[in-house]
Amino acid sequence: MPPKPKPVMLDVDGVECKLSNPDKIYFPELGENGGRKGDLVDYYRTMALAGPLMQALAGRPTFLQRFPDGAEGEQIYQKHLPKYHPDHVQSTKIVFPSKRSGQAFCPRIPADVVWAANLGTFTFHTWPTLAGETNGLETDNDHPEQLRIDLDPPEGKSFDDVRRVALDLLKPFLDEIGMTGFAKTSGSRGVHVFVPIRPEWDFIATRRAVIALGRELERRAPDAVTTSWWKEERGDRIFIDYNQNARDRSMASPYSARKSARARVSTPVTWEELVDVDPDDLTIATVPGLVERRGDPWADIDQHRAGLEALLEMVERDEANGLGDLVYPPNYPKMPGEPPRVPPSKMVAEHWDADGNRVE
């Protein structure tokens with residue numbers, strides 16, 4: 001066997017970082033023409049030093065979606081900070097739905113991002129919280145400072161279908177209630193919209209706020225949008241994944257690369273750009289140049305924080321009309337007020353009680 005190549009040492013804003021196996025192919029479709037591990041690490045180094053990526057990551061609990069053997073290899077989804085890490089890498093305490101706690105990776109400087117990228121990290125999945133004081137705002141990991149709206153298309157629906165929901169339904173509704181949404185491509189067929197809020201409410205309240213938002217969009221376009229957790233009920237409608245706002249759920253950060261043949265990137269776009277943007281054009285090869293030319297559309301996201309009052313009033317209205325909470329993901333403990341966690345096709349009155357327990 002040929003000798004293992006020596007690692008390359010990179011200077012990342014004055015911090016030395018190791019790059020091992022830079023010529024390893026991570027994206028086979030691209031091969032040596034932009035598809036190497038070194039290309040991915042260089043992308044993250046460039047974006048972290050440029051600023052926008054650090055604004056998206058700094059101070060947030062961050063899970064690492066790693067593919068050490070490339071896009072066609074096995075995935076490692078890492079919620080806890082690895083035991084062995086450089087001194088400059090920090091963590092933050094998080095509490096899981098089970099009430100157990102852990103220490104999650106919490107990037108602070110560009111070298112932290114490059115270190116993680118060298119582990120084979122494709123995607124940085126962040127919490128909607130900030131740890132400690134950030135930009136003069138006192139925050140913690142129990143009070144989200146973002147609502148996250150995930151427009152998830154079913155099979156057979158395209159990015160065009162999702163973009164229409166974002167532009168024709170979601171954006172006008174946010175404008176109506178005085179909230180500012182910041183859009184990005186998911187890196188696949190979906191659209192993500194992050195809404196900055198004041199960190200005054202817990203995960204229960206923010207999740208219920210997104211449920212109320214989703215139900216309002218359902219009322220306005222029942223053939224286009226659904227909040228049903230059960231796929232058997234969704235049909236060909238765009239699913240608003242409200243559970244992305246539950247504790248311990250994370251989403252791909254702005255400017256994160258995704259597992260895809262072309263090394264696509266989950267890229268912030270203006271609402272005007274969303275009209276005709278092609279996600280296939282947004283890759284680790286093209287996004288740095290795009291940001292250099294036109295800047296970061298999310299640069300002032302922290303200046304647009306809103307309250308949840310309007311959405312929580314809608315929650316109360318829905319409750320009064322018999323529309324309570326919706327189901328949580330299967331790995332969560334049973335939550336107060338949650339309906340039976342049973343697919344409708346299996347929900348036979350004589351076999352299940354109101355709490356979702358099977359009755360013999």
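A quick note: this is a predicted structure, and the numbers were derived from the prediction, not measured.
- If you take CZ on F27 and NZ on K259, they are separated by 10.5 Å, rounding to the nearest 0.5 Å.
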#### Entry: Intermediate values then yes/no, salt bridge (charged side-chain N to carboxylate O under 4.0 Å, His left out), D280 and R264
CA-CA 6 Å; D280 279 340; R264 286 194 298 264; 3.0 Å; yes
### Task
Might you work through the side-chain contact (heavy atoms from CB on, under 4.5 Å) test for W201 and L311, ending with a clear yes or no?
CA-CA 12 Å; W201 295 270; L311 288 173; over 6 Å; no
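- Counting heavy atoms of neighbouring residues, nucleotides and ligands inside a 6.0 Å radius, atom CG of N33 does not exceed 12 of them.
- Between F67 and F122, the angle of the ring planes lies from 30° to 60°, which puts this pair in the tilted group.
- R163 contributes a side-chain N or O that, together with a main-chain N or O of V277, makes up a donor-acceptor pair within less than 3.5 Å.
- Contact detail for L81 and S91: the closest heavy-atom pair is CD2-CB, 3.7 Å.
- Within 6.0 Å of atom CD in E72, 12 or fewer heavy atoms from other residues, nucleotides or ligands are found, so the atom counts as exposed in its surroundings.
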### Query
Step by step, would you call R247 with N141 a side-chain contact (heavy atoms from CB on, under 4.5 Å)?
CA-CA 9 Å; R247 178 182 288 276; N141 291 327; 6.0 Å; no
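- Between R220 and E216 there is a salt bridge, with a side-chain nitrogen of the basic residue lying less than 4.0 Å from a carboxylate oxygen of the acidic one.
- Atoms CG and CG, from L57 and L53 in turn, are 4.5 Å apart once rounded to the nearest 0.5 Å.
- Without hydrogens or angle criteria, R66 side chain to L119 main chain gives a donor-acceptor distance under 3.5 Å.
- Follow the hydrophobic side-chain contacts under 4.5 Å out from L49 and you never reach M9; the two are in separate clusters.
- Distance alone, capped at 3.5 Å, places no donor-acceptor pair between the N118 side chain and the V114 backbone.
- Annotation for L130 and T139: closest pair O-OG1, 2.8 Å, computed over non-hydrogen atoms.
- Between the side chain of T226 and the main chain of R234, no donor-acceptor pair closer than 3.5 Å is present.
- Within the 4.5 Å cutoff, the side chain of H88 has heavy atoms near those of the D112 side chain.
- No hydrogens or angles considered: a donor-acceptor pair under 3.5 Å links the side chains of E232 and S345.
- Between the side chain of T283 and the main chain of A285, a donor-acceptor pair closer than 3.5 Å is present.
- Relative to the six-membered ring of Y328, R207 meets both conditions, a distance below 6.0 Å and an angle of at most 45° to the axis.
- Both tests hold for R148 against F194: distance to the six-membered ring centre under 6.0 Å, angle to the ring axis within 45°.
- For the atom pair CZ of R36 and OH of Y26, the computed distance is 12.5 Å after rounding to the nearest 0.5 Å.
- For the pair L274 and K171, the minimum side-chain heavy-atom distance is 4.5 Å or more.
- Between R258 and G187, the closest heavy-atom pair is CG-CA, 3.8 Å.
- Ion pair E200/R305 not flagged as a salt bridge, since none of the NZ, NE, NH1 or NH2 atoms sits closer than 4.0 Å to an Asp/Glu carboxylate oxygen.
- When all heavy atoms of I197 and P144 are compared, the pair lying nearest together is CD1-O, 3.7 Å.
- Classified by interplanar angle (parallel below 30°, tilted 30° to 60°, perpendicular above 60°), the ring pair F124/F105 is tilted.
- The structure places CZ of R215 at 4.0 Å from CG of L326, a figure rounded to the nearest 0.5 Å.
- In summary, the side chains of N243 and Y332 do not present any donor paired with an acceptor at a separation below 3.5 Å, with no hydrogens or angles considered.
- T123 places a side-chain N or O within donor-acceptor distance of the main-chain N or O of A257, the cut-off being under 3.5 Å.
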#### Entry: side-chain contact (heavy atoms from CB on, under 4.5 Å) between L174 and L213, intermediate numbers included
CA-CA 9 Å; L174 290 174; L213 178 150; 3.9 Å; yes
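- Checked for salt-bridge contact, D161 and R189 miss the test: no charged N lies under 4.0 Å from a carboxylate O.
- By the rule that hydrophobic residues join a cluster once side-chain heavy atoms approach within less than 4.5 Å of another member, L40 and V291 end up as members of one cluster.
- We find the CD1-CZ distance between I149 and F182 to be 12.5 Å, quoted to the nearest 0.5 Å.
- Between V265 and Y43, the shortest heavy-atom distance links the atoms CG1-OH, 3.4 Å.
- Looking only at distances, a side-chain donor or acceptor of R341 sits under 3.5 Å from a matching main-chain atom of P329.
- Across Q244 and S250, no two heavy atoms sit closer than the pair OE1-O, 3.6 Å.
- With a 4.5 Å cut-off on side-chain heavy atoms, I76 and P68 count as touching.
- Put simply, the side chain of W298 does not reach to within 4.5 Å of the side chain of P196, judged on heavy atoms.
- The shortest side-chain heavy-atom distance between I301 and Q55 falls under the 4.5 Å cut-off.
- When atom types are taken as modelled, the side chain of H143 and the backbone of D140 share no donor-acceptor pair closer than 3.5 angstrom.
- Taking hydrophobic clusters as Ile, Leu, Val, Met, Phe, Trp and Tyr residues chained together by side-chain heavy-atom distances below 4.5 Å, V191 shares a cluster with L147.
- Taking the side chain as every heavy atom from C-beta outward, E74 and D69 never approach each other to under 4.5 Å.
- Although no hydrogens or angles enter the test, the distance criterion places a donor-acceptor pair under 3.5 Å between the side chain of K334 and the main chain of E338.
- Counting heavy atoms from C-beta outward, T129 and P61 have side chains that approach closer than 4.5 Å.
- More than 12 non-hydrogen atoms from other residues, nucleotides or ligands lie less than 6.0 angstrom from CD of E176.
- Using modelled atom types, one finds no donor on one side chain facing an acceptor on the other under 3.5 Å when comparing T62 with R60.
- I109 and Y255 fall into different hydrophobic clusters, where Ile, Leu, Val, Met, Phe, Trp and Tyr residues are linked whenever their side-chain heavy atoms come under 4.5 Å apart, directly or through other members.
- Atom CZ of R100 is surrounded by 12 or fewer heavy atoms from other residues, nucleotides or ligands within 6.0 Å.
- Taking the six-membered ring where the residue is Trp, F96 and H80 present tilted rings, their angle falling between 30° and 60°.
- Of the possible polar contacts, none joining the S188 side chain to the S186 backbone as a donor-acceptor pair under 3.5 Å is found.
- Linking Ile, Leu, Val, Met, Phe, Trp and Tyr whenever their side-chain heavy atoms come within less than 4.5 Å puts M314 and V195 in one cluster.
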### Query
Could you go step by step and tell me if D202 and D142 meet the side-chain contact (heavy atoms from CB on, under 4.5 Å) rule?
CA-CA 6 Å; D202 62 14; D142 294 320; over 6 Å; no
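- Side-chain contact check for E16 versus D11: every heavy-atom pair is 4.5 Å or farther apart.
- Separation of atoms OG1 (T126) and CE (M251) is listed at 8.5 Å; rounding is to 0.5 Å.
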